[in-house]
Protein chains: 2
Amino acid sequence: MPINITAFDRSPDGGKGLARDTRVRWALEEVGQPYVVDLVTFAALKQPRHLGRNPFGQIPTYDDGDVTLFESGAIVLRIAERFGHLLPDDATARSRAIMWMFAALNTVEPPIVDVTVAKIFEGDRPWAEERWPLVLARLRPRLDQLTAHLGQSEWLDGAFSAGDLMMVSVLLRARPSGLLAEWPLLDAYVARGEARPAYQRAFAAQLAVNTRPADA
Amino acid sequence: MPINITAFDRSPDGGKGLARDTRVRWALEEVGQPYVVDLVTFAALKQPRHLGRNPFGQIPTYDDGDVTLFESGAIVLRIAERFGHLLPDDATARSRAIMWMFAALNTVEPPIVDVTVAKIFEGDRPWAEERWPLVLARLRPRLDQLTAHLGQSEWLDGAFSAGDLMMVSVLLRARPSGLLAEWPLLDAYVARGEARPAYQRAFAAQLAVNTRPADA
């Protein structure tokens, strides 16, 4: 059976590649594996069929015939371990690449999501303006520190890896607020990720889903 | 050389086991590996020596002589892969255990940290009371969904794994606010984790550090 993933029927971002299925599509494109997509509406996310794939009712999920997984980090790691290309052969370099996946998801993504929450979900609340500097103060050190680590390097630790795939995917979410541009080295790093042919194919595939006519 | 980890010289929690070094100590106790601890003061976290171990200036870090790692998820995974015991032998069960590690760190921990931020860091702000229901509304579904998955099971997916170690560690952080008690099945699940001899040893070790006399 082909690899099956789930994605939003209509992503809240309208196709900017910020939904987490883009990471999985990107990984599958990097390793050259075809896949089919099961589109899930918001209503269907909380229905038994999807909750059987992911008890948290989120996309993406992944099924390769042997295992059904949720969590984009776990899925990208599974793809990397199963099909190669995205992790170094050397065991210690491999551990470091996986470390950068966790750093993206547990250290860098949460304060970026907080920015989205503050801007989108709480942007019209009476505290929005006064609270904004606090939200930014929690994100800023992370992006400063990541910049200091990256410097002029092309990728985080040698060749492009699943760690870069995840870090670029997470940083992309800081672009709509205009923040990413304030860290030019990270902005350029993200642009290098986006320039990869595999990313281009993944982005085009999710965009096609999100911009198709309503009756398609 | 022995395994070396870093931990807070004095943890902000005063020794309740909520700092992320407890997860690493617990994993090392589960696999029966001795380790030495390098205590780091808050001032030293941002000094070049520690930034060389972790560019984000956080604890814990880990060094087994072959590789230096940060991110508690990456460290626990390295320990599990290197010393056994914490991941199933079966490849698909192993992928699912790793999935639960990512679920703990990327889906469950962020809204729990947001509770801490709202209570501790923003508790005296003028918006604290009005904003609290929004913070809780983002956490509640996650704990409801996790409860629905766990049900009456002892662990998340068969035998105790690194996924449980991480999920218990993350849920523990919802206890000081009194929230964890509102989800009795999760509270009991955490208690099962805490009852493990390896956890007890890890907890005692971090407590001894945090309750030693100031001049020790």
Side-chain angles (χ1 to χ4, degrees), chain A residues 20 46 51 54-58 62 64 66-78 81-82 90-111 113-114 117 121-122 125-128 130-131 134-135 138 141-142 145-150 163, chain B residues 20 46 51 54-58 62 64 66-78 81-82 91-111 113-114 117 121-122 125-128 130-131 134-135 138 141-142 145-150 156 163:
Chain A
R20 289 180 169 96
K46 310 303 176 191
L51 291 173
N54 179 353
F56 297 109
Q58 297 173 309
Y62 163 96
D64 61 21
D66 288 334
V67 68
T68 299
L69 297 176
F70 57 93
E71 290 292 330
S72 61
I75 296 169
V76 169
L77 184 57
R78 168 87 179 178
E81 292 190 329
R82 185 153 188 168
D90 174 72
T92 64
R94 179 181 171 282
S95 282
R96 286 200 306 274
I98 294 171
M99 172 187 81
W100 283 110
M101 294 181 67
F102 280 104
L105 292 168
N106 198 238
T107 293
V108 178
E109 187 169 49
V113 169
D114 286 350
V117 168
F121 297 114
E122 299 182 15
R125 298 286 175 158
W127 58 77
E130 192 179 348
R131 188 171 173 269
L134 278 68
V135 176
R138 288 190 284 264
R142 297 289 168 252
Q145 290 157 338
L146 187 61
T147 296
H149 169 81
L150 184 67
Chain B
R20 288 181 170 96
K46 311 302 177 192
L51 292 172
N54 179 354
F56 297 109
Q58 297 173 310
Y62 162 98
D64 61 20
D66 287 333
V67 68
T68 299
L69 296 177
F70 56 94
E71 290 293 329
S72 61
I75 295 168
V76 170
L77 184 57
R78 169 87 178 178
E81 292 189 329
R82 184 152 187 169
T92 65
R94 179 181 171 282
S95 281
R96 287 199 305 272
I98 294 172
M99 171 186 81
W100 284 110
M101 294 181 67
F102 280 105
L105 293 168
N106 198 236
T107 293
V108 178
E109 187 168 51
V113 170
D114 286 349
V117 168
F121 298 113
E122 298 183 16
R125 298 287 175 158
W127 58 77
E130 192 180 349
R131 188 172 173 268
L134 279 65
V135 176
R138 288 190 284 264
R142 296 289 168 252
Q145 291 156 339
L146 187 61
T147 296
H149 169 81
L150 184 66
L156 290 169

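Quantities reported herein were computed from a predicted structural model and do not represent experimental measurements. Each chain gets a letter, A, B and so on, in the order the sequences are listed, and its residues count up from 1.
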Quick check on [X] against chain A: is it the side chain, the backbone, both or neither that has a heavy atom closer than 4.5 Å?
| X | answer |
| --- | --- |
| B:N54 | neither |
| B:R131 | both |
| B:P126 | side chain |

What donor-acceptor contacts under 3.5 angstrom involve side-chain atoms of residues 103-110 of chain B, with partners at least two apart or in another chain?
| unit_1 | atom_1 | unit_2 | atom_2 | d |
| --- | --- | --- | --- | --- |
| B:N106 | ND2 | A:L105 | O | 2.6 |
| B:N106 | ND2 | A:E109 | OE1 | 3.0 |
| B:T107 | OG1 | A:E71 | OE2 | 2.5 |
| B:E109 | OE1 | A:N106 | ND2 | 3.0 |
| B:E109 | OE1 | B:R20 | NH2 | 3.3 |
| B:E109 | OE2 | B:R20 | NH2 | 3.4 |
| B:E109 | OE2 | B:R23 | NH2 | 2.5 |
| B:E109 | OE2 | B:R173 | NH1 | 2.9 |

(message) Taking the side chain as everything from C-beta on, heavy atoms only, tell me whether A:L146 gets closer than 4.5 Å to B:F56.
(response) yes
(message) For a 4.5 angstrom cut-off between non-hydrogen side-chain atoms, does B:M99 reach A:V67?
(response) no
(message) Using 0.5 Å steps for rounding, measure from the CD atom of A:Q145 to the CG atom of B:L51.
(response) 7.0 Å
(request) Drop me the distance from A:I98's CD1 to B:R78's CZ, to the nearest 0.5 angstrom. (result) 9.5 Å
(request) May I ask you to decide if the ring planes of B:F102 and A:F102 are parallel, tilted or perpendicular, using 30° and 60° as cut-offs? (result) parallel
(message) Once salt bridge (Lys or Arg N to Asp or Glu O under 4.0 Å) is applied, do any residues pair with A:R138, and if so which ones, sequence neighbours excluded?
(response) B:E122
(request) Under the side chain to side chain contact (heavy atoms under 4.5 Å, CB included) rule, what do B:L77 and A:L77 come out as? Steps first, then yes or no, please. (result) CA-CA 12 Å; B:L77 184 57; A:L77 184 57; 4.2 Å; yes
(request) Go through B:D66, B:L69, B:I75 and name the one with the most non-hydrogen pairs under 4.5 angstrom from chain A. (result) B:L69
(message) Quick check on A:E81 against chain B: is it the side chain, the backbone, both or neither that has a heavy atom closer than 4.5 Å?
(response) side chain
